[in-house]
Every structure is written in structure tokens, then in C-alpha cells.
2 protein chains.
Amino acid sequence: MECKEIKQDEHKKEMMAIQDTMDVLQGKWKIAILTSICFYNKRRFSDILNDVSGISNKMLSKELKELEINQLIKRTILDTHPVTVRYQLTEHGKTLRTIIDNMTDWGFHHRKKIIGK
Amino acid sequence: MECKEIKQDEHKKEMMAIQDTMDVLQGKWKIAILTSICFYNKRRFSDILNDVSGISNKMLSKELKELEINQLIKRTILDTHPVTVRYQLTEHGKTLRTIIDNMTDWGFHHRKKIIGK
DNA sequence: CAGAATCCCCTTGGATACTG
DNA sequence: CAGTATCCAAGGGGATTCTG
């Protein structure tokens, strides 16, 4: 019936939205990297390398590039010796904060429920 | 200073929580699959195959297994001919609803901001 | 319908070494 | 410090076919 089909269409739109989000956030490390930058506000390459346990510099470099292309983070080369680079969230990137916070909360919740016991 | 170190530790905990969440939700399709099941409440294998555009039955099968192991979804074999299988979120899986909704919203937002124009 | 099984390509991503 | 370059292995994942 008409009502059902409209519902179907709405879900399709939502499925597409999810896919759009996933396109940007995909990759083993993207969320973790964003989280690091988000929590500390400004973060340098080597800091992130430390925050995200297990990541290699090659992967970090690659993921940062993609995040920059998607306009979620901003890269600034600082005039120091040796060179340091500062990463920050863009205004658009900051809109991910809600998702990051929710995922953090859920991680705690999940650990309590499943892992921790 | 002490204050700073405490802050550092808190962030480490949060980074760990994010990693825990990502461990469970990782994979190209997991979120999309959960979204499909979540929106429709009950969903059959072939339905999900249709909802998640691009996924193959092999991948769907694999991801569903992992989601079941992580206790996010429940699998029920229905007594029909031919056999159909119903997937639903568990109570624990339903706690992901917030994240799913946020990601849906963000997808719309992102499309408006970046993709659509 | 709901998968399991095969085949096979191509990406992901780790380890290591090197550069400005 | 912030990457780049290279090598290489594991497995992610598509297409197709088969089964109960």
C-alpha cells in the first residue's frame, strides 16, 4: 500500500545516509584518529601515533590525508625546528562530536556487558 | 602536573572505549546491516541483501555471524518452506540505536555540506 | 530461501629503512 | 619530527556455482 511504500522509501534514504557516513569514516583507524584529535583539540602527528595504539606511521599518514580530503580535519605546518604539524578538526569535523561521544559511551557499556566478566 | 596526567588517563580510557566499539562495528558493512535490521525491526537474509546495496551473500553471511557472536543480533530459523531466517537486534544490539540515528543524521548533514553541490 | 564452497584478484596494512 | 618508499603477506571481498 501507499503508506508502506513511502516507509520503504524513507528507509532507503536513511540507508543511503548511513552509507555516506560510512564512506567517510571507514578504515580501521579513522574514528580513533578523529577521537584523538577531538579530545585533545590540537594534536601532532607523533601524538596521534601514540594515542592510537597499533597504528603504523604509514597508515596514519594515509588516513589523515583522506580525512583532510573529506574536510574533517585541518593540517597546519608549524614553523619550528624540526618541523611539527598540527591537526585540528574543521567546523564540519566538529559535528562528528556527537557520534564520537556516543561511541565512547557505548564502548564502556559494551565492555561492562560483554567483555568484562 | 597531576591534573594533566589524570586528564591523559581519562583520554586513554576513552580511546580504549572507542577501540572496543570499533572492534565490534568494524567491517565495510556492519553498520549498514545493523541499520537495516534496526529500521525494519525484523529482517530476512534476502531483505538485508537488498537493503545494503553492493554487498554479496558471502559477505553478508560472514558479517551476520560476527554480529551474532558479539550478541548484537539474534537469528531465528522460521518453519516455512522454503526455510526463511529472521534477524533481529538483541536487547544489547538495540542500545546501538542512538549511534545509528546519529550516523544517519550526520549522513544527511554531510551530503548537504560536501557531496550535494 | 539461506547460505556454503571455490576461485582469484586486489587492497590493506605491517616491518623496515630512508629523507628533509 | 613528519612523513615517504619499498617489499611483501594475509585476508578482504567479488562472481559464480552448488546444496538442503
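Every chain is numbered from 1, with letters handed out A, B, ... down the list of sequences.
A:Met16 is not connected to B:Ile48 by any chain of hydrophobic side-chain contacts under 4.5 Å among Ile, Leu, Val, Met, Phe, Trp and Tyr, and they are in different clusters. In the hydrophobic clustering of this structure, A:Leu78 does not group with A:Leu64; members are Ile, Leu, Val, Met, Phe, Trp, Tyr whose side-chain heavy atoms approach within less than 4.5 Å, directly or through other members. One hydrophobic cluster, built from ILVMFWY side chains closer than 4.5 Å, cannot hold both B:Leu25 and B:Ile69; they sit in different ones.
Judged as a side chain to side chain contact (heavy atoms under 4.5 Å, CB included), and not counting sequence neighbours, the contacts of B:Gln71 are A:Ile114. Legend: residues meeting ring pair (Phe, Tyr, Trp, His ring centres under 6.0 Å) with A:Phe45, ordered by chain and number and at least two apart, are absent.
Residues in residues 71-85 of chain B take part in no salt bridge (charged side-chain N to carboxylate O under 4.0 Å, His left out) pair, two or more places apart or across chains. Under the ring pair (Phe, Tyr, Trp, His ring centres under 6.0 Å) criterion, the residue pairs touching residues 66-100 of chain A are A:His92-B:Trp106, A:His92-B:His109, A:His92-B:His110, with sequence neighbours excluded. Residue pairs meeting the salt bridge (charged side-chain N to carboxylate O under 4.0 Å, His left out) criterion with at least one partner in residues 15-32 of chain A, sequence neighbours excluded, are A:Asp20-B:Arg111, A:Lys30-A:Glu63, A:Lys30-A:Glu66. Note on residues 53-62 of chain A: no pairs pass side chain to side chain donor-acceptor pair (under 3.5 Å), not counting sequence neighbours.
A donor-acceptor pair is defined here as one N or O able to donate and one able to accept, closer than 3.5 Å; no such pair exists between the side chain of A:Ser36 and the backbone of A:Asp51.
Contact check of residues 77-87 of chain B against DNA chain C (heavy atom, cut-off under 4.0 Å) returns B:Pro82, B:Val83, B:Thr84, B:Val85, B:Tyr87. Using a 4.0 Å cut-off on heavy atoms, the residues of residues 52-71 of chain A that approach DNA chain C are A:Ser56, A:Asn57, A:Lys58, A:Met59, listed by number. The stretch residues 21-32 of chain A does not touch DNA chain D, since none of its heavy atoms comes less than 4.0 Å from the strand.
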Decide salt bridge (Lys or Arg N to Asp or Glu O under 4.0 Å) for B:Lys65 and B:Glu68; before the verdict, give the C-alpha distance in whole Å, the side-chain angles of both, and the deciding distance to 0.1 Å. CA-CA 5 Å; B:Lys65 257 181 216 159; B:Glu68 201 188 349; over 6 Å; no

Side chain to side chain contact (heavy atoms under 4.5 Å, CB included) assessment of B:Ile55 paired with B:Ile33: CA-CA 10 Å; B:Ile55 196 171; B:Ile33 293 169; 4.0 Å; yes

Show your working on side chain to side chain contact (heavy atoms under 4.5 Å, CB included) between A:Met103 and A:Ile99 and close with a plain yes or no. CA-CA 6 Å; A:Met103 291 183 83; A:Ile99 293 177; 3.8 Å; yes

Apply side chain to side chain contact (heavy atoms under 4.5 Å, CB included) to A:Leu60 and A:Val52, showing your working. CA-CA 9 Å; A:Leu60 179 53; A:Val52 182; 5.9 Å; no

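Chain B approaches DNA chain C within less than 4.0 angstrom (heavy atoms of the protein), and the contacting nucleotides run 5' to 3' from C:dC1 to C:dC7. Between chain A and DNA chain D, the heavy-atom contact criterion of under 4.0 Å yields a 5' to 3' nucleotide range of D:dC1 to D:dC7.
Using a 4.5 Å cut-off on side-chain heavy atoms (C-beta onward), A:Thr104 and A:Asn102 make no contact.
In this structure, CD1 in A:Ile18 is found 15.0 Å from NZ in A:Lys13, a value given to the nearest 0.5 Å. Note that OH of A:Tyr40 is 5.0 Å distant from NE2 of B:His11, once rounded to the nearest 0.5 Å.
If one axis is set at each end of the helix from C:dC1-D:dG20 to C:dG20-D:dC1 from five pairs, those axes are 50° apart, to 10°.
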